[in-house]
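Report on one structure; see the data block that follows.
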Amino acid sequence: MTARHESDAAQCPVRGHTPPPQRPLPIYGSAFDADPQATYRRLRDMGPVVPVEISPGVFGYLAVTYRACLYLLRHTPALFHKDPTYHWEALRAGQIPANSPARQMMMPRDNALWKDGSEHQRLRGAITGALARIDTYALADTVVRVADQLIDAFFPAGQADLVSQYADPLPMLTVIELFASPPEHGQRITRHVTRLFAAGEDAAQANAALEAACLELVQLKRAQPGRDIVSYLVQAGLSDGELVQTLVLLFGAAAPPTAKHIGRGIQHFLASERFAGSVYTGVTPVAAALEEVLWDEPPVPNYSPLYAQGLQQVEGVTVHPGYPILISFAAANSDPAVSVDADQRAGNRGHLAFSAGVHACPAPGLARVISETAVERLLDRLPGLALAVPAGDVANLPGTFLAGPTSLPVHFQPAPAPTGR
């Protein structure tokens, strides 16, 4: 049987924390990490929304077609809830271990991502209002300054790991500047966010440490407000708890995904003759090439959990309440029903990498400024830039919620180069 018919309800997750009789495919582990798209193809053959095991012992659904993902996102909150507090039954029953990677990424938080209705509108309005005060030209200048600091640190060596020494720290350092966080405080936040998104066994400890660091930053801005994002959020009237969880959301949404987008983009520029040739000759701007990366390998492959309001039909599949429904942005973008050739993907913004509906990314333009400026600056400053390992030896980050290269060893010509524009 397939998941396309209502008669397949027996294969859907059942009440409680018990897996269905036919064990769902896991979207974690070595087999999944080795080739996620192979898993998405198998799931897509089963139906548009399929039961899966999200992490060990945590069951739910995964939407794997473009139409199903768009339907779910556009019908939230009309037909689907965001807040897991009352709608994730296994969590309510105490059946999700505290150290579960899925729990740390999907548990309820007092911020806009997990709220419905008027509460969502209020909290999201505070975020969009604060982000709207960012000058994109000043943001680009900030990215260039941060990029030059990072490049200057490894430039004399003629070699570097462009993940750990460039792509990963750059967005976080940029966000910390936007938040006007003291440097030592910013370093702590960077460390805790990285640990949290790694979704390892210490995710619970990383989450607690991150929340404590964010609370310290909130208290600092209440005492010493300035012209920065945190101060603007304080001015919007959010409580300390809301401010802490909103900062967790902003750090998590802005830094790790953008870092992995930058890393994957650099990887393609160095490993693909078509990418490198078109960008360096000016045929394809960096911005258009990075848009293609969002189609092929979105940095957040699976996320945005939703919960059905009673039994729901999604593209002919009966979806039961009480279980998280994850959106597979990676599977949606690779769905043959919407596939386009490489030339059409470059610059095409029809992908779902920034989600859709009322919970879509509130500032995709700012994310694009950071990633595009970071890649352009790197290509401008490093002559003779090339991978130091075969392209096939570049390892990918394991896990369900974040995707990108784990390292990018490169070499280049350490010739003198200006650091200013």
Side-chain angles (χ1 to χ4, degrees), residues 33-38 40 143 147 150-151 159-171 255-301 329-335 338-354 364 367-399 402-412:
D33 295 337
D35 190 354
Q37 283 295 337
Y40 300 143
V143 176
L150 293 170
I151 293 171
Q159 60 184 9
D161 175 2
L162 292 183
V163 169
S164 65
Q165 294 177 265
Y166 190 73
D168 275 3
L170 186 146
T258 306
K260 295 311 171 189
H261 185 208
I262 293 169
R264 189 68 85 189
I266 295 170
Q267 178 186 358
H268 280 289
F269 293 135
L270 299 181
S272 165
E273 291 184 7
R274 188 180 69 78
F275 261 68
S278 63
V279 169
Y280 283 126
T281 58
V283 175
T284 304
V286 166
L290 285 175
E291 213 67 43
E292 183 174 341
V293 172
L294 291 175
W295 272 101
D296 293 339
E297 297 176 277
V300 179
F329 304 107
N333 290 352
S334 63
D335 184 354
V338 295
S339 63
V340 292
D341 61 34
D343 291 336
Q344 293 173 310
R345 285 196 301 272
N348 185 325
R349 296 186 175 183
H351 55 75
L352 295 182
F354 289 111
R368 287 185 169 103
V369 168
I370 296 172
S371 57
E372 292 163 14
T373 306
V375 172
E376 288 173 352
R377 192 61 174 171
L378 184 82
L379 297 179
D380 285 346
R381 285 210 51 199
L382 299 184
L385 181 63
L387 281 173
V389 297
D393 289 349
V394 174
N396 291 315
L397 188 73
L402 195 64
T406 59
S407 66
L408 281 175
V410 298
H411 54 75
F412 48 87

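Values below: all heavy atoms of this structure, side chains included; hydrogens, waters and symmetry mates excluded.
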Measure across Gly399 and Asp33 and return the closest heavy-atom pair with its distance rounded to 0.1 Å. N-OD1, 3.0 Å
With sequence neighbours excluded, tell me which residues meet side chain to side chain donor-acceptor pair (under 3.5 Å) with Asn333. none
Heavy-atom closest pair, residues Ala403 and Leu397: N-CD2, 4.4 Å
Side chain to side chain contact (heavy atoms under 4.5 Å, CB included) partners for Asp161, two or more places apart: Val163, Ser164, Gln165, Ser407, Leu408
Locate the shortest heavy-atom distance separating Leu294 from Pro299; write the atom from each residue and the value. CD2-CD, 3.8 Å
Restricting to pairs with a member in residues 382-397, which pass salt bridge (charged side-chain N to carboxylate O under 4.0 Å, His left out), not counting sequence neighbours? none
At their closest point, which heavy atom of Ala391 faces which heavy atom of Ala271, and how far apart are they? CB-CB, 3.8 Å
Output all residues satisfying side chain to side chain contact (heavy atoms under 4.5 Å, CB included) with Ala388, sequence neighbours left out; order by chain, then residue number. Pro409, His411
Could you tell me which residues satisfy ring pair (Phe, Tyr, Trp, His ring centres under 6.0 Å) with Tyr40, sequence neighbours excluded, listed by chain and number? Phe32
For the residue pair Leu290 and Arg368, establish whether any side-chain heavy-atom pair is separated by less than 4.5 Å. no
Determine yes or no for a side-chain-to-main-chain donor-acceptor pair under 3.5 angstrom, with Tyr166 supplying the side chain and Ala374 the backbone. yes
Output all residues satisfying side chain to side chain contact (heavy atoms under 4.5 Å, CB included) with Asp335, sequence neighbours left out; order by chain, then residue number. Arg44, Thr65, Tyr66, Ala337, Val338
So how far is it from His261 NE2 to Glu291 CD, rounded to the nearest 0.5 Å? 7.0 Å
Can you tell me if Thr258 uses its side chain to pair, donor with acceptor, with the backbone of Ala255 under 3.5 Å? no
Pair Leu379, Leu385 - check side chain to side chain contact (heavy atoms under 4.5 Å, CB included), show working. CA-CA 8 Å; Leu379 297 179; Leu385 181 63; 4.2 Å; yes
Distance-minimising heavy-atom pair for Ile370 and Val143: O-CG1, 3.8 Å
Nearest 0.5 angstrom please: Glu372 CD to Ile262 CD1, how far? 10.0 Å
Residue list, side chain to side chain donor-acceptor pair (under 3.5 Å) with Gln37, at least two apart or on another chain: Ser334
With rounding to the nearest 0.5 angstrom, report the CG to CG distance, Leu162 to Asp168. 11.0 Å
Those residues at least two apart in sequence (or on a different chain) that pass side chain to side chain contact (heavy atoms under 4.5 Å, CB included) with Ala34 are none
Residues pairing under salt bridge (charged side-chain N to carboxylate O under 4.0 Å, His left out) where one sits in residues 262-271, two or more places apart or in two chains, turn out to be Arg264-Glu297
Quick one: does Ile266's side chain get under 4.5 Å of Val410's, heavy atoms only? no
Looking only at heavy atoms, which two atoms of Phe412 and Pro383 are closest? And how far apart? CB-O, 3.4 Å
